[in-house]
Amino acid sequence: MLTWSDAKTKAFQTTLLDWYDKNRRELPWRKDHDPYHIWVSEIMLQQTQVNTVIPYYHRFMKMFPTIDDLARAPENQLLKAWEGLGYYSRVRNMQRAARQLLDDYDGKWPQTKAGLQELVGIGPYTAGAIASIAFNQPEPAVDGNAFRVFSQLLEIEADITKPQTRQLFETVIRKLIPHDRPGDFNQAIMDLGASYMTAKNPDNENSPVRAFNQAYLDGRVADFPVRSKRLKPVDKQLAALIIHTPEGYLFQQRASNELLAKLWAFPLLANETDTEVEALPTVLAEQFCDETEIKVALRWVAGPAVTHTFTHQKWHIALLHADLRKQPDLSHFAGRVVPEAKFDQLPVPTVQKKIWQAYQKRQINLFD
DNA sequence: TAGACGTGGTC
DNA sequence: TGACCAAGTCT
């Protein structure tokens with residue numbers, strides 16, 4: 001697979017690192033090599049673009065400056081810091097890992113890739129990144145950039161969506177990574193993948209490593225990386241229950257085993273069939289309210305459904321509204337009534353913000 | 001192993 | 001609008 005001579009390998013390392021030394025991005029988590037800083041940034045950067053992460057990183061470090069702060073944080077505060085970033089299990093796992101570090105490791109970081117992978121939420125990529133950047137270990141950190149860059153440089157045809165392909169790339173990169181600057185090497189690959197060797201509109205003519213890019217030399221850049229197609233999101237019909245009471249609106253904390261776990265939102269019920277639609281007021285009444293009142297108060301909100309697309313599901317949400325004259329009984333309900341002025345204190349998913357915006361607009365329309 | 005797990009940017 | 005992408009991990 002890798003046919004480069006030692007001289008070519010050395011030339012590649014030198015070319016890449018010289019370019020990196022002059023052109024590296026100054027990023028907030030590149031000011032030092034503190035493993036906590038590297039860790040937080042790497043978790044945030046999973047499947048998330050750099051420009052999105054930067055403000056979150058600053059806020060997070062202000063709120064949780066140390067591992068102890070992270071370990072002790074209330075879950076709602078933690079999720080609030082992550083609100084809008086997505087993949088919320090990342091931050092819940094980070095707190096679990098912080099507690100692991102304090103309880104089982106005496107607060108001392110494992111410094112090997114294998115040791116780091118024992119921590120919850122740290123997989124092969126993040127372990128490689130922390131090991132190389134924070135602890136100077138010659139370990140690969142194979143992310144999407146590394147897949148794209150090395151698949152083009154070496155015309156590697158393996159499907160990068162297959163788990164076993166990662167091992168192939170790690171084996172190759174181990175032969176290329178310089179032992180004196182492994183962290184800079186890995187970060188240089190990422191900077192390269194974010195500048196000249198991007199997925200869309202790459203600029204290989206001006207790339208510092210164009211002479212090493214076999215796919216470019218062969219006019220085959222578009223053929224790499226090889227990746228099987230993704231599944232289309234499945235459509236789901238839902239009804240959002242917008243329950244207004246004298247004290248505010250009813251929010252539900254989503255269960256830990258469902259999508260958007262532990263976040264707060266208006267109750268969402270399945271709305272796939274006519275039968276389910278007819279049963280909605282009863283379901284609602286059983287859960288947290290007096291049935292007769294609910295049946296009188298509940299009505300559909302006019303207007304098109306709110307749509308929200310996840311990686312694997314596309315939600316179509318109709319809105320149901322009820323105005324209650326008294327507080328519902330919430331003793332058997334995982335939720336609370338929140339005044340509008342305090343909505344921003346709860347961690348909510350983006351789809352909840354969309355529902356609220358649509359509801360506000362349509363309520364005005366009803367009075368037109 | 002394949003599918004679950006979010007969101008925002010881009011074309 | 002839809003399809004794809006962005007510093008992946010867990011089950």
Side-chain angles (χ1 to χ4, degrees), chain A residues 24-25 27-30 37-57 79 82-94 96-97 116-133 140-149 159-167 169-170 183 185-195 197-202 222 225 227-236 254 256-263 265 304 307-315 347-354:
Chain A
R24 63 183 295 220
R25 291 175 288 178
L27 298 168
W29 47 89
R30 284 184 175 173
H37 298 164
I38 306 301
W39 178 43
V40 171
S41 70
E42 291 301 341
I43 300 294
M44 284 187 170
L45 286 159
Q46 289 171 8
Q47 302 289 284
T48 311
Q49 296 187 352
V50 167
N51 286 338
T52 303
V53 165
I54 289 173
Y56 281 90
Y57 179 82
L79 289 167
W82 214 262
E83 184 184 274
L85 259 191
Y87 288 146
Y88 297 94
S89 66
R90 287 185 290 177
V91 72
R92 293 187 287 117
N93 283 341
M94 246 198 321
R96 288 173 60 197
L116 288 161
Q117 278 191 248
E118 296 297 315
L119 297 167
V120 189
I122 297 185
Y125 162 73
T126 305
I130 298 174
S132 63
I133 299 170
V142 185
D143 67 337
N145 289 305
F147 276 129
R148 185 170 57 258
V149 169
D159 183 344
I160 65 167
T161 67
K162 306 283 183 201
Q164 60 208 44
T165 300
R166 169 179 305 277
Q167 318 237 4
F169 277 74
E170 288 187 343
F185 179 87
N186 285 332
Q187 293 182 90
I189 294 298
M190 297 183 214
D191 279 14
L192 200 55
S195 56
M197 297 183 69
T198 50
K200 286 177 189 169
N201 304 322
R227 165 208 302 271
S228 54
K229 283 212 172 103
R230 301 181 168 130
L231 280 60
K232 273 213 306 211
V234 176
D235 290 296
K236 286 203 185 300
R254 297 180 59 78
S256 51
N257 64 348
E258 62 183 352
L259 189 58
L260 305 171
K262 310 306 277 290
L263 296 176
T307 63
H308 186 77
T309 307
F310 301 94
T311 311
H312 59 302
Q313 291 180 14
K314 182 170 183 179
W315 284 3
V348 303
T350 295
V351 66
Q352 165 64 24
K353 297 188 175 185
K354 282 194 194 175

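Throughout, protein chains are lettered first and strands after them, A, B, ... in sequence-line order, and every chain is numbered starting at 1.
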Out of [options], which has the shortest distance to the side chain of [X]?
X         : options                 : result
Lys229(A) : dA7(C), dT7(B), dC4(C)  : dC4(C)
Asp143(A) : dA7(C), dG6(B), dC5(C)  : dA7(C)
Pro124(A) : dT9(C), dG6(B), dA6(C)  : dT9(C)
Leu260(A) : dA7(C), dT7(B), dC10(C) : dT7(B)
Gln49(A)  : dA7(C), dC5(C), dA4(B)  : dC5(C)
Leu259(A) : dT7(B), dA7(C), dG6(B)  : dG6(B)
Met190(A) : dT1(B), dG6(B), dA7(C)  : dA7(C)
Thr311(A) : dC5(C), dC10(C), dG6(B) : dG6(B)

### Query
Is there a side-chain contact between Pro124(A) and Glu170(A) (heavy atoms, below 4.5 Å)?
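Pro124(A) reaches Glu170(A) side chain to side chain.
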### Query
Does the side chain of Lys236(A) come within less than 4.5 Å of Phe310(A)'s, by heavy atoms?
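With C-beta onward as the side chain, the pair stays apart.
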#### Entry: Ile43(A) and Asn93(A): CA distance, side-chain angles, deciding distance, side-chain contact (heavy atoms from CB on, under 4.5 Å) verdict
CA-CA 10 Å; Ile43(A) 300 294; Asn93(A) 283 341; over 6 Å; no
Expected output: side-chain [X] to main-chain [Y] donor-acceptor under 3.5 Å:
X         : Y         : result
Arg254(A) : Ala265(A) : no
Lys314(A) : Thr307(A) : no
Thr165(A) : Asp159(A) : yes
Arg30(A)  : Arg24(A)  : no

For [X] and [N], what is the distance between atoms [atom1] and [atom2] respectively, to the nearest whole Å?
X         : N       : atom1 : atom2 : answer
His37(A)  : dA7(C)  : NE2   : C1'   : 18 Å
Arg90(A)  : dC10(C) : CZ    : C1'   : 14 Å
Gln47(A)  : dC5(B)  : CD    : C1'   : 10 Å
Glu118(A) : dC10(C) : CD    : C1'   : 15 Å
Arg92(A)  : dG8(C)  : CZ    : C1'   : 16 Å
Glu170(A) : dG8(C)  : CD    : P     : 14 Å
Lys236(A) : dG6(B)  : NZ    : P     : 14 Å
Lys232(A) : dT1(C)  : NZ    : C1'   : 12 Å

### Query
Does Leu231(A) or Asn201(A) map to a spot on DNA chain B nearer the 5' end, using the closest nucleotide for each?
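It is Leu231(A), whose closest nucleotide lies nearer the 5' terminus.
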### Message
If you assign each of Asn93(A) and Val50(A) to its closest nucleotide in DNA chain C, which residue comes earlier from the 5' end?
### Response
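Per heavy-atom nearest nucleotide, the more 5' residue is Val50(A).
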### Contact nearer the 5' end of DNA chain C, comparing Gly121(A) with Asn145(A)
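Counting from the 5' end, the first nearest nucleotide belongs to Asn145(A).
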Assign [X] to base, sugar-phosphate, or nothing according to its heavy-atom contacts below 4.0 angstrom with the strands shown.
X         : answer
Lys314(A) : sugar-phosphate
Asn186(A) : nothing
Ala199(A) : sugar-phosphate
Ile130(A) : nothing
Trp29(A)  : base
Arg30(A)  : base
Gln187(A) : nothing
Thr350(A) : sugar-phosphate
Ile43(A)  : nothing
Arg148(A) : sugar-phosphate
Thr126(A) : sugar-phosphate

Taking OP1 and OP2 of [N], is either one under 4.0 Å from a side-chain nitrogen or oxygen of [X]?
X         : N      : answer
His308(A) : dT7(B) : yes
Gln164(A) : dT1(B) : yes
Tyr88(A)  : dT7(B) : yes
Lys162(A) : dA2(B) : yes
His312(A) : dC5(B) : yes

Using the [atom1] atom in both, what is the distance from [N] to [M], to the nearest Å?
N      : M       : atom1 : value
dA4(B) : dA7(C)  : P     : 23 Å
dG3(B) : dC4(C)  : P     : 16 Å
dG9(B) : dT9(C)  : P     : 24 Å
dG8(B) : dC10(C) : P     : 24 Å
dG6(B) : dC5(C)  : C1'   : 14 Å

Base [N] paired with [X] side chain (donor-acceptor, <3.5 Å):
X         : N      : result
Arg230(A) : dA4(B) : no
Tyr125(A) : dG8(C) : no
Thr48(A)  : dG8(B) : no

### Task
Begin with the C-alpha distance, continue with both residues' side-chain angles, and end with the deciding distance and a verdict on side-chain contact (heavy atoms from CB on, under 4.5 Å) for Arg90(A) and Thr48(A).
CA-CA 12 Å; Arg90(A) 287 185 290 177; Thr48(A) 311; 3.3 Å; yes
### Message
Working note: Trp39(A) + Leu119(A), criterion side-chain contact (heavy atoms from CB on, under 4.5 Å); need CA distance, chi angles, decisive distance, verdict.
### Response
CA-CA 11 Å; Trp39(A) 178 43; Leu119(A) 297 167; over 6 Å; no
